[in-house]
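In what follows, every chain begins at residue 1, and chains take the letters A, B, ... in the order their sequences are listed.
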Number of protein chains: 2
Amino acid sequence: MKRTTIVDVGRLAGVSAKTVSRVLNDEPHVSAAVKQRVRAAADALDYHPNVFAQALVRRKSHMIGLVYENPSPSYVVELQKGVLERLINERYRLVVIPIRSVQENAAEVVGLLRSAALDGVVLAPPASDHPLILNQLKEARIRCARIAPTRMIEAAPSNLVDDVAAAREIAAYVIGLGHREIAIIRGDPTHPSTEARMLGYMQAFHQAGLDLRFDRIEPGMFTFDSGLAAGRNILARADRPTAILAQNDDMAVGAMMAAREIGLSIPERLSIVGFDDSEVSRITWPRLTTVRQPVFEMAVAATEMVIAQLEDREPLARVLHHHTLLIRESAAPPHA
Amino acid sequence: MKRTTIVDVGRLAGVSAKTVSRVLNDEPHVSAAVKQRVRAAADALDYHPNVFAQALVRRKSHMIGLVYENPSPSYVVELQKGVLERLINERYRLVVIPIRSVQENAAEVVGLLRSAALDGVVLAPPASDHPLILNQLKEARIRCARIAPTRMIEAAPSNLVDDVAAAREIAAYVIGLGHREIAIIRGDPTHPSTEARMLGYMQAFHQAGLDLRFDRIEPGMFTFDSGLAAGRNILARADRPTAILAQNDDMAVGAMMAAREIGLSIPERLSIVGFDDSEVSRITWPRLTTVRQPVFEMAVAATEMVIAQLEDREPLARVLHHHTLLIRESAAPPHA
DNA sequence: CTGAAAGCGCTAACAT
DNA sequence: ATGTTAGCGCTTTCAG
């Protein structure tokens, strides 16, 4: 019991296989009558083209990969939503490629992508910043677009954000509220934006004439749990700060939980701000003051860049996406 | 400039293409020496097999789809994590197939899956409960496994949960705390578990001799926003209830927000419980009392069922997954 | 243990 | 406007 092929359809319609192919691919130079007959025959036989045969000869899989580490779930969700949004009404499909640790497995990533036969990939951080991956991708001729890279911007189409400025702005806002004792929760050290955001914070501190105390910087991993742990450490100290800058929203929410555990009210006794404007920032109470990184829009734009390349249009080389300071209720002037 | 093929490798190693194929696929009857030479040649040429050619002849794509609607992001995240967990160290890849509305597009879903050339699919609700989809899948010979179906359990391997009992338990718990004025936020009406959970609530009400007042039932869509809206409606009424049962965690968190908006403290003035034990239930304050549905484990098990079928092992016909009442801090006895 | 031939289902290039 | 021929790169016979 074989599956029905283009030849079967041709036989039923009384035409050659090639003509069937023409009709099904909307190629020109086919008479309306034949078109009709072929369509009817294909329907009657419940014919579905074999995509492998097509891919083999066309050298195109119509699959796009999304490469990410697994930092915060909310970030990944935004990312996927953005890619899928752009893929609506396209023939392309999304294959998700989560990498355990880009840092450790960089050498194998492209092999993985290659063997997945992807036409193109959207690279999220930190893969979007990895020289080896970028190089191998070029060698393997897999099209790509990058989200929030910080280095080698020319190497491939990039969607940029000014992490430094965004961090500076939110830090300046907190300082402007009157805070002087401020702790920081860093993100995953293998992600480039961690350093960029750190730099932005430092600039704001410097402009305000504040010292950045290294004993007030806690490590984190962009996850809720790491934020919770960092928050507990910060708040356990004798000289408790009046505000916390977290490098993403998940960690900020974790720090909020740490504050709650010891009955510290937010924002009255402790101000906390995040980064990214993930969905989680909108559903906590108080809602989180944060700085919006348009992850969704970047994912849409990056996917467009990939598709453009696949269809031989010139992709935008780079797009600068704008951040926005979102003032909500989790930060207020320090308690007198 | 052509890509290197199995023939090139064979030429370099001084063997036939078939022998290269044998080595690369770990087939028996190849001498160690030849094996060595072929491996070396493949490495030297940076050879990667063309998966389309393989798929064409083997009739296997090594791609597994995950079909879901887009209810709550936290649910989808758990689902994906589960599938990906089982796929670690497997050759299979995950293709995500979000469907806008299964209800409206059921007829096209299988066509979509078919043209994506998936070897198998994991069906999340409500697709997991749709007769048409199940039937067409069988016709198209696409293997599948189901998550939380409620009907036609024999039709395909199923991962079951007892939604009715779970709902009954959490409702009984709330009633047991002393609540008598209880509102309900329903889930998406096209999802089968919505009715099941409703039934469970009703059973608990009945056992306690309570009336279920229809004017205390608010519609929802399994999203935070719908929970927020429903919460506002419920709390705006003159005869405000003392507890809210939400059919998932996202809606429960939305209802919490509605309570906060009018300064109602939880759980002192209003108890709220959810359903599912999504990540969101752990990161809110107070943490949400809920009933755990092992979505992750079901996704793992469903993926295993698909893989088993693809590798000609007999899959488990059905697995019953257990729910757990998770008592956290969002519900307490009603205020005197 | 190894190789030659055939063909998976489709489309590009070239006829007609 | 339609058909023929020749592969795409691999694996499955079936011989040696």
### Message
I want to verify a distance call: between dG9(C), dC14(D), dT2(D), whose nearest atom is closest to the Asn50(A) side chain?
### Response
dG9(C)
### Leu56(B) side-chain proximity, nearest of dG9(C), dA12(C), dC14(D)
dG9(C)
Provide, to the nearest angstrom, the distance between the [atom1] atom belonging to [X] and the [atom2] atom belonging to [N].
X	N	atom1	atom2	answer
Arg22(B)	dT12(D)	CZ	C1'	10 Å
Asn25(B)	dT2(C)	CG	P	16 Å
Lys60(A)	dA12(C)	NZ	P	12 Å
Ile6(B)	dG7(C)	CD1	P	19 Å
Phe52(A)	dG9(D)	CZ	P	17 Å

### Task
Specify the residue among Ala17(A) and Pro28(B) whose closest nucleotide of DNA chain C lies further upstream toward the 5′ end.
Pro28(B)
### Query
Please walk me through it: do Arg100(A) and Glu104(A) pass salt bridge (Lys or Arg N to Asp or Glu O under 4.0 Å)?
CA-CA 8 Å; Arg100(A) 316 297 224 93; Glu104(A) 288 169 26; over 6 Å; no
When you measure from the side-chain N and O atoms of [X] to the phosphate of [N], is any distance below 4.0 Å, counting only OP1 and OP2?
X	N	value
Ser16(B)	dG3(C)	yes
Thr19(B)	dG3(C)	yes
Ser31(A)	dA1(D)	no
Gln54(A)	dT11(C)	yes

### Task
Please give the angle, rounded to 10 degrees, between the axes at the start and the end of the helix from dC1(C)-dG16(D) to dT16(C)-dA1(D), where five pairs define each axis.
30°
### Query
Quick one: on DNA chain D, does His29(A) or Lys18(A) contact a more 5' nucleotide (nearest heavy atom)?
His29(A)
Would you classify [X] as touching base, sugar-phosphate or nothing, given that sugar-phosphate means primed atoms plus P, OP1 and OP2, and contacts are heavy atoms under 4.0 Å?
X	result
Val57(A)	base
Pro49(A)	sugar-phosphate
Arg58(A)	sugar-phosphate

Please check if any side-chain donor atom of [X] sits under 3.5 Å from a side-chain acceptor atom of [Y], or the reverse.
X	Y	value
Gln103(A)	His130(A)	no
Gln80(A)	Gln80(B)	yes
His191(B)	Glu69(B)	yes

### Task
Could you please spell out the steps behind the side-chain contact (heavy atoms from CB on, under 4.5 Å) verdict for Met298(B) and Leu160(B)?
CA-CA 8 Å; Met298(B) 285 197 284; Leu160(B) 302 168; over 6 Å; no
### Task
Considering only NZ, NE, NH1 and NH2 on the basic side and carboxylate oxygens on the acidic side, decide whether Lys35(B) and Asp26(B) come within less than 4.0 Å.
no
### Message
Donor-acceptor pair, distance only, cut-off 3.5 Å: does the side chain of Asp119(A) make one with the backbone of Ser61(A)?
### Response
yes
### Query
Can you find a donor-acceptor pair, distance only, under 3.5 Å between Arg59(B) side chain and dG9(C) base?
no
